[in-house]
Amino acid sequence: MNYTAAVITVSDKGFRGERADTSGPALCRLLRDSGWDVTYTCMVPDEADQIREELIRCADEKHVQLVLTTGGTGFSPRDVTPEATLTVVERETRGIPEAMRAESLKITPRGCLSRAAAGIRGRTLMVNLPGSEKAAVENLLAVLGSIGHGVDMLLSSGSAGCAQESPGHCRKKEAPSLDAWLKEAKASPGAARIGMYLTHNGVVRETARAKVRDGDGTAGPVKGMRFSYDSRKVDAAVTETYQMEGVYYIRTWLNEGDLQVGDDIMYILIGGDTRPHTVDALQYLVGRIKNECVAETEIQEEGWAPPV
């Protein structure tokens with residue numbers, strides 16, 4: 001499998017050093033024994049803002065494929081992990097916590113009291129687990145195999161529906177809100193060091209690439225594009241861009257499937273300390289993605305002939 005994972009322990013007492021964390025290490029062992037590469041762990045108090053910051057860091061900065069939280073899913077007024085998670089994810093995956101609760105009910109009638117949530121942010125799956133070691137491990141074991149298949153689909157170049165359709169007929173995705181992106185970026189852990197945000201929004205144009213770039217007058221107008229990308233190559237390009245001087249925030253979104261003229265191809269947001277650093281990083285990342293990470297085929301207008 002060799003997918004990456006992060007484990008976030010949410011506990012006031014653990015954060016203050018008043019209680020040893022056994023749930024986080026137990027989940028790490030289970031993940032590693034199941035073939036996952038645990039690349040990040042941390043502990044935060046039961047504070048929604050700090051939980052959100054770590055979830056965003058794992059998805060947007062570290063590009064971890066699976067993020068598990070343990071703790072904060074009960075009825076206590078301080079239990080806010082599900083609420084924090086739902087403000088961060090872009091799509092809920094309700095079947096995962098439903099399956100965990102169903103399995104817990106086989107062990108104890110109190111299993112129905114778990115408020116755990118789960119969802120997807122970009123190419124990262126986030127799942128809440130209970131705070132006790134026993135319950136956290138039991139819940140994860142109930143869904144870990146299915147989670148692995150879900151991450152396979154999440155990281156593939158198409159969706160589950162695309163696999164059942166003929167090539168080139170996958171459904172395009174809904175474009176993100178740039179306003180929402182900027183709001184989250186300005187609340188990210190590294191925001192205080194950022195002096196400039198720059199964005200790139202690529203769209204499908206009517207003029208053929210050959211005409212724009214090479215001056216080929218015989219290239220007819222374009223009516224659409226078939227677009228796909230390699231998510232692992234994109235992640236590698238993002239990781240390398242983070243190594244550039246003065247770069248503190250990166251977020252990417254790429255479309256896929258059959259696109260029409262005017263449809264969004266990609267959004268990229270970069271935050272840096274100065275204009276030169278931010279411009280260099282944006283140009284570098286856009287170039288890497290377009291030259292190494294995507295496959296795009298223009299669909300020509302039928303019946304068009306060049307002027308004589």
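Predicted model only: the values in this text are computed from it and were never measured. Computed over heavy atoms, backbone and side chain alike; hydrogens, waters and symmetry mates excluded. Residues: numbered from 1 along the sequence shown.
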Student: For Glu138, check salt bridge (Lys or Arg N to Asp or Glu O under 4.0 Å) against everything at least two apart and list the hits.
Tutor: Lys134
Student: Between Tyr242 and His63, is there a side-chain heavy-atom distance shorter than 4.5 Å?
Tutor: yes
Student: Determine, stepwise, if the pair Ile265 / Met225 fulfils side chain to side chain contact (heavy atoms under 4.5 Å, CB included).
Tutor: CA-CA 9 Å; Ile265 298 174; Met225 175 184 291; 4.1 Å; yes
Student: Would you please name every residue forming a ring pair (Phe, Tyr, Trp, His ring centres under 6.0 Å) with Tyr267, sequence neighbours left out?
Tutor: Trp253
Student: Quick check against the 3.5 Å criterion: does Arg226 have a side-chain atom that pairs as donor or acceptor with the backbone of Thr297?
Tutor: no
Student: Once you round to the nearest 0.5 Å, how far does CD of Glu298 lie from CG of Leu259?
Tutor: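 Between atom CD of Glu298 and atom CG of Leu259 there are 11.5 Å.
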Student: Quick check: are there more than 12 heavy atoms from other residues, nucleotides or ligands sitting under 6.0 Å from CD of Glu92?
Tutor: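 Result for CD/Glu92: enclosed.
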Student: Hey, does the side chain of Asp230 reach the backbone of Cys293 with a donor-acceptor pair shorter than 3.5 angstrom?
Tutor: no
Student: Spell out, as yes or no, whether a donor-acceptor pair under 3.5 Å connects the side chain of Arg16 to the backbone of Glu18.
Tutor: no
Student: Do Asp37 and Tyr3 have side-chain atoms, one donor and one acceptor, less than 3.5 Å apart?
Tutor: no
Student: Taking all non-hydrogen atoms of both residues into account, name the closest pair between Val261 and Glu206 and its distance.
Tutor: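 Shortest heavy-atom separation between Val261 and Glu206 comes out as CG1-N, 3.9 Å.
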Student: Under the side-chain hydrogen bond (donor to acceptor under 3.5 Å, both in side chains) rule, collect the residues that match up with Glu103, sequence neighbours excluded.
Tutor: Lys106
Student: Salt bridge (Lys or Arg N to Asp or Glu O under 4.0 Å) with Arg91: which residues, sequence neighbours excluded?
Tutor: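 Checked Arg91 against salt bridge (Lys or Arg N to Asp or Glu O under 4.0 Å); zero matches.
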Student: Report the residues that fulfil side chain to side chain contact (heavy atoms under 4.5 Å, CB included) with Thr41, sequence neighbours left out, ordered by chain and then residue number.
Tutor: Val7, Cys28, Val38
Student: Does Met43 offer a backbone N or O that forms a donor-acceptor pair with the side chain of Thr9 under 3.5 Å?
Tutor: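 Checked: no pair found.
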Student: Got a sec, which residues hit salt bridge (Lys or Arg N to Asp or Glu O under 4.0 Å) with Asp33, two or more places apart in sequence or on another chain?
Tutor: none
Student: For Tyr248, what residues pass the side chain to side chain contact (heavy atoms under 4.5 Å, CB included) criterion, not counting sequence neighbours?
Tutor: Arg193, Ile194, Asp273
Student: Just verifying a value: how many Å separate Leu182 CG and Leu269 CG, rounded to the nearest 0.5 Å?
Tutor: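 Interatomic distance, Leu182 CG to Leu269 CG, rounded to 0.5 Å: 5.5 Å.
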Student: Quiz question: by atom type and distance under 3.5 Å, do the side chains of Ser104 and Asn139 form a donor-acceptor pair?
Tutor: yes
Student: Is there a path from Ile107 to Leu113 through hydrophobic residues (I, L, V, M, F, W, Y) whose side chains come within less than 4.5 Å of each other?
Tutor: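 In one cluster: no.
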Student: Return the set of residues passing salt bridge (Lys or Arg N to Asp or Glu O under 4.0 Å) with Glu184 (not counting sequence neighbours), or none when no residue passes.
Tutor: Arg121, Arg251
Student: Which heavy atom in Ala281 sits nearest to a heavy atom in Val247, and how many Å separate them?
Tutor: CB-CG2, 3.5 Å
Student: Please name the pair of heavy atoms, one in Val294 and one in Phe227, separated by the smallest distance, quoted to 0.1 Å.
Tutor: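 Closest approach of Val294 to Phe227: CG1-CZ, 3.6 Å.
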Student: About how many Å separate NZ of Lys223 and CD of Gln260, when rounded to the nearest 0.5 Å?
Tutor: 10.0 Å
Student: Determine the minimum heavy-atom distance between Ala26 and Val137, stating which atoms define it.
Tutor: CB-CG2, 3.9 Å
Student: Donor-acceptor pair, Ser23 side chain versus Gly131 backbone, under 3.5 Å?
Tutor: yes
Student: Atom NE2 in His200, atom OG1 in Thr252: separation rounded to 0.5 Å?
Tutor: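 Rounded to the nearest 0.5 Å, the NE2-OG1 separation comes to 11.5 Å.
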Student: Is there a chain of hydrophobic side chains (I, L, V, M, F, W, Y, each step under 4.5 Å between heavy atoms) that links Ile120 to Leu144?
Tutor: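 Yes; tracing contacts between hydrophobic side chains, which count when under 4.5 Å, links both residues.
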Student: Which Ile, Leu, Val, Met, Phe, Trp or Tyr residues join Val88 in one cluster when any pair of side-chain heavy atoms under 4.5 Å counts as a link?
Tutor: Ile8, Val10, Val44, Ile51, Leu55, Ile56, Val64, Val67, Val80, Leu86, Val89, Met126
Student: Indicate yes or no: at least one non-hydrogen side-chain atom of Thr207 is less than 4.5 angstrom from one of Val222.
Tutor: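 Side chain of Thr207 against side chain of Val222, heavy atoms only: no contact under 4.5 Å found.
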Student: Keeping the roles fixed (side chain from Thr70, backbone from Pro130), state whether a donor-acceptor pair exists under 3.5 Å.
Tutor: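 Such a contact is found between Thr70 side chain and Pro130 backbone.
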Student: Identify the two heavy atoms, one from Tyr197 and one from Gly271, that lie closest to each other, and give their separation to 0.1 Å.
Tutor: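 In terms of heavy atoms, the two residues are closest at CD2-CA, 3.7 Å.
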Student: Between the main-chain N or O of Ala180 and the side-chain N or O of Ser177, is there a donor-acceptor pair closer than 3.5 Å?
Tutor: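 Judged by distance alone, yes, a pair lies under 3.5 Å.
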Student: Examine distances only and state if a side-chain atom of Asp280 and a backbone atom of His277 form a donor-acceptor pair shorter than 3.5 Å.
Tutor: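 Judged by distance alone, no pair lies under 3.5 Å.
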Student: Return the set of residues passing side-chain hydrogen bond (donor to acceptor under 3.5 Å, both in side chains) with Asn201 (not counting sequence neighbours), or none when no residue passes.
Tutor: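 Listed in chain order: Asp264.
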Student: For Ile289 and Met266, run side chain to side chain contact (heavy atoms under 4.5 Å, CB included): C-alpha distance rounded to whole Å, both residues' side-chain angles, the deciding distance at 0.1 Å, then the answer.
Tutor: CA-CA 10 Å; Ile289 289 176; Met266 70 177 74; 3.8 Å; yes
Student: With a 4.5 Å limit on heavy-atom distance, are the side chains of Arg115 and Phe75 in contact?
Tutor: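 Yes. Closest side-chain heavy atoms under 4.5 Å.
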Student: Sequence neighbours excluded, which residues qualify as side-chain hydrogen bond (donor to acceptor under 3.5 Å, both in side chains) partners of Asn291?
Tutor: none
Student: Tell me whether Arg78 contacts the main-chain N or O of Pro45 through its side chain, where contact means a donor paired with an acceptor under 3.5 Å.
Tutor: no
Student: Carefully, step by step, assess Thr4 and Trp36 under the rule side chain to side chain contact (heavy atoms under 4.5 Å, CB included).
Tutor: CA-CA 6 Å; Thr4 57; Trp36 294 79; over 6 Å; no
Student: Side chains of Asn128 and Thr81 only: does a donor on one sit below 3.5 Å from an acceptor on the other?
Tutor: no
Student: Working to the nearest 0.5 Å, report the span between CG of Asp263 and CG of Asn255.
Tutor: 7.0 Å
Student: Atom CG of Leu254 and atom CD1 of Ile268: how far apart are they, to the nearest 0.5 Å?
Tutor: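 One finds 6.5 Å between CG of Leu254 and CD1 of Ile268.
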Student: Mark yes or no for whether Thr87, through its side chain, and Ala84, through its backbone, hold a donor-acceptor pair below 3.5 Å.
Tutor: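 Side chain of Thr87 to backbone of Ala84, a donor-acceptor pair under 3.5 Å: yes, one is there.
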Student: Any side-chain heavy atom of Leu141 sitting closer than 4.5 Å to one from Leu30?
Tutor: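 Counting from C-beta outward, Leu141 and Leu30 do come under 4.5 Å.
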Student: Could you give me the CA-CA distance, side-chain angles and deciding distance for Val151 and Ile147, then say whether side chain to side chain contact (heavy atoms under 4.5 Å, CB included) is met?
Tutor: CA-CA 6 Å; Val151 172; Ile147 283 176; 4.2 Å; yes
Student: List in chain and number order the residues that pass side-chain hydrogen bond (donor to acceptor under 3.5 Å, both in side chains) with Tyr284, two or more places apart in sequence or in another chain; answer none if no residue qualifies.
Tutor: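 Only Glu240, Arg288 meet the side-chain hydrogen bond (donor to acceptor under 3.5 Å, both in side chains) criterion with Tyr284.
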Student: Looking at every heavy atom in both Cys112 and Leu105, which two are closest together, and how far apart are they?
Tutor: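 Residues Cys112 and Leu105, closest heavy atoms: N-CD2, 3.6 Å.
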Student: With a 4.5 Å cut-off on side-chain heavy atoms, are Leu285 and Val238 touching?
Tutor: yes
